[in-house]
Protein chains: 2
Amino acid sequence: MTDDDRPYHHGNLRRAVLDAALDVIAAQGPGAVSLRDLARRAGVSHAAPAHHFKDRAGLLTAVAAEGNALLAESLEAAADLEDLGVRYVRFALAHPAHFQVMYQPHLLHPDAPDLAAARDRVDRTLRAAIAALPDSDRGPDPERARLAAWSAAHGFATLALSGSLDASLAGHDDPAEVFRSFTHLMFNSAAR
Amino acid sequence: MTDDDRPYHHGNLRRAVLDAALDVIAAQGPGAVSLRDLARRAGVSHAAPAHHFKDRAGLLTAVAAEGNALLAESLEAAADLEDLGVRYVRFALAHPAHFQVMYQPHLLHPDAPDLAAARDRVDRTLRAAIAALPDSDRGPDPERARLAAWSAAHGFATLALSGSLDASLAGHDDPAEVFRSFTHLMFNSAAR
DNA sequence: AGGCAATCTAGTCAATGTAAAGATCGATCT
DNA sequence: AGATCGATCTTTACATTGACTAGATTGCCT
């Protein structure tokens, strides 16, 4: 018994809620996400999203899984490790909402199969890029090189998103290129 | 008109609430912090914490400020840049609750003077450590070296706290030493 | 045409954040 | 010592939220 013309079924509520969630997260952080608010934005009843995501954590898990999938897609197209690092940073800055949720386990359902699968994809891509390094650059311990590369990219991305680098990045138009400017140096030596 | 022996004034409610908050954050993340729950743990009425911290954000801002102060204290005792990086990682792992909150602007009051002051202290310490590098290691652009060093330490700490490195760190008893093992390599080259 | 599963609505309950107004205490001043 | 003032805490109240349940609606499949 609805007064308006709105059809009973939304059509693509899952995507609509996800998109609304991404807006809220990008603007106000994951803590500001309210299932009821997202329902209002999508023009459905307050309990409708629950059927698609079960939980608040379920919604954020879906965001994290989508984020990892998007990230994997970009990284898989990387030319080499440096390019992969730059792509990692670029992804974080282009998809801040996804990125913010991906590495906060407390917000997520620990063992969601699709999330784990997407993470594996990212992981394999990084390992492949390390393995593809020329011998002169890879160094004796690939695992160590992997941690170094991931830490550098992840740290830069995280700090940039948190605003901690605002002063340092003020002049530059593309923060990812700032990252490239020193990652290039670091990995001639991580190799040694 | 309270039935129990509990005195009207707690004595040190501010500290009690902060400590309870740190427990909750470390165990369940900042999202699980409830002012009412902390009040219950401290044995006071549910509105008592508000007088000390104003907001939920006010409480977390106090946590972040305290965290930065503790971090600054540790970093100021660092022998050199490598030691400073290891101390950064060690702090994050020893004070996960503080660290988790420090870099999430959405949880905090943007312009809290004490927080800004504590952050400045950390910032100055890092710049000093960069400046104290031998010429052969510092390289042409100190700012670039600063971003590289901070990114590496911050990324490793963040990834470790999020559990992303659990598999890689399984064998080692001190993750901070794993970090040292590759930061040492990186900065011979960031210098070049 | 009939039935079935997916999708959505409506109603409800406990928990939370936040605000306002009053009670209690302790320190300081005279 | 006694009064006063500010800080600390309690009580009450209200709007919002997450989560659960039962029921309504729809599209699809056979």
Side-chain angles (χ1 to χ4, degrees), chain A residues 1-21 23-25 27-64 101 104 106-110 112, chain B residues 1-21 23-25 27-63 101 104 106-110 112 114:
Chain A
M1 216 225 290
T2 52
D3 291 9
D4 41 83
D5 319 1
R6 164 168 62 91
Y8 194 91
H9 286 96
H10 179 281
N12 205 350
L13 181 57
R14 184 186 160 90
R15 175 94 323 249
V17 169
L18 276 175
D19 287 340
D23 283 351
V24 173
I25 298 172
Q28 323 222 34
V33 171
S34 141
L35 292 179
R36 291 176 110 102
D37 178 43
L38 301 182
R40 272 189 296 267
R41 294 182 186 227
V44 295
S45 90
H46 62 84
H51 192 272
H52 290 273
F53 303 103
K54 177 79 177 171
D55 261 338
R56 213 182 87 100
L59 165 63
L60 297 178
T61 302
V63 171
V101 170
Q104 291 207 251
H106 290 302
L107 301 177
L108 311 176
H109 281 150
Chain B
M1 212 224 287
T2 49
D3 291 11
D4 41 88
D5 318 2
R6 165 170 61 94
Y8 194 91
H9 287 95
H10 178 280
N12 205 350
L13 180 58
R14 185 185 160 89
R15 175 87 333 242
V17 169
L18 276 175
D19 288 340
D23 284 350
V24 173
I25 298 172
Q28 324 222 32
V33 170
S34 142
L35 292 179
R36 289 177 114 103
D37 178 44
L38 302 181
R40 272 190 295 268
R41 295 180 186 228
V44 295
S45 91
H46 63 86
H51 193 273
H52 289 273
F53 303 103
K54 176 79 177 172
D55 263 335
R56 214 183 87 101
L59 165 63
L60 297 178
T61 302
V63 171
V101 170
Q104 290 207 251
H106 290 302
L107 300 178
L108 311 176
H109 281 152
D114 52 340

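Protein chains get the first letters and strands the later ones, always in sequence-line order, with residue 1 at the start of each.
- Using a 4.0 Å heavy-atom criterion, one finds that A/Asp37 contacts no nucleic acid atom at all.
- Going from atom NE2 of A/His109 over to atom C1' of D/dA19 covers 12 Å, rounded to whole Å.
- In this structure, A/Leu38 places its CG atom 10 Å from P of D/dT17, rounding to the nearest Å.
- Checked against C/dC8, C/dT18, D/dA19, the side chain of A/Leu13 finds its nearest nucleotide in C/dC8.
- Across the protein-nucleic acid pair, B/Leu59 atom CG and C/dT18 atom C1' stand 14 Å apart, rounded to whole Å.
- Taking the side chain of B/Arg36 as heavy atoms from C-beta on, and the options D/dA19, C/dT16, D/dT10, the nearest nucleotide is C/dT16.
- Residues A/Leu59 and A/Leu18 come closest through the heavy atom pair CD1-CD2, 3.9 Å.
- The listed nucleotides are C/dT7, C/dG17, D/dT11; the one nearest the side chain of A/His52 is C/dT7.
- Summary of the strand contacts: A/His51 and A/His46 both lie near DNA chain C, and taking for each the nucleotide with the nearest heavy atom, the more 5' one is attributed to A/His51.
- By the 4.5 Å heavy-atom criterion applied to side chains, B/Val33 and B/Val63 are not counted as neighbours.
- Residues A/Thr61 and A/Asp55 form no side-chain contact, since every pair of their non-hydrogen atoms from C-beta on lies 4.5 Å or further apart.
- Atom-to-atom, CZ of B/Phe53 to P of C/dA19 comes out at 16 Å; the value is rounded to the nearest Å.
- Side-chain nitrogen and oxygen atoms of B/Arg40 include at least one within less than 4.0 Å of the OP1 or OP2 phosphate oxygen of C/dT16.
- Comparing C/dG17, D/dC9, D/dC20 by their nearest atom to the side chain of B/Ser34 picks out C/dG17.
- Put simply, CZ on B/Arg56 is 13 Å from C1' on C/dT18, counting in whole angstrom units.
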Subject >> Pair A/Arg41-A/Val24, side chain to side chain contact (heavy atoms under 4.5 Å, CB included): steps then yes or no >> reply: CA-CA 11 Å; A/Arg41 294 182 186 227; A/Val24 173; 3.5 Å; yes

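- B/Asp55 has its CG atom 17 Å from the P atom of C/dT16, to the nearest Å.
- The listed nucleotides are C/dT18, C/dC8, D/dT10; the one nearest the side chain of B/Val44 is D/dT10.
- To the nearest angstrom, C1' of D/dC9 lies 16 Å from NZ of B/Lys54.
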Subject >> side chain to side chain contact (heavy atoms under 4.5 Å, CB included) assessment of A/Val44 paired with A/Val17 >> reply: CA-CA 10 Å; A/Val44 295; A/Val17 169; 5.7 Å; no

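- Separating the CZ atom of B/Arg14 from the C1' atom of D/dA7 is a distance of 14 Å, rounded to the nearest angstrom.
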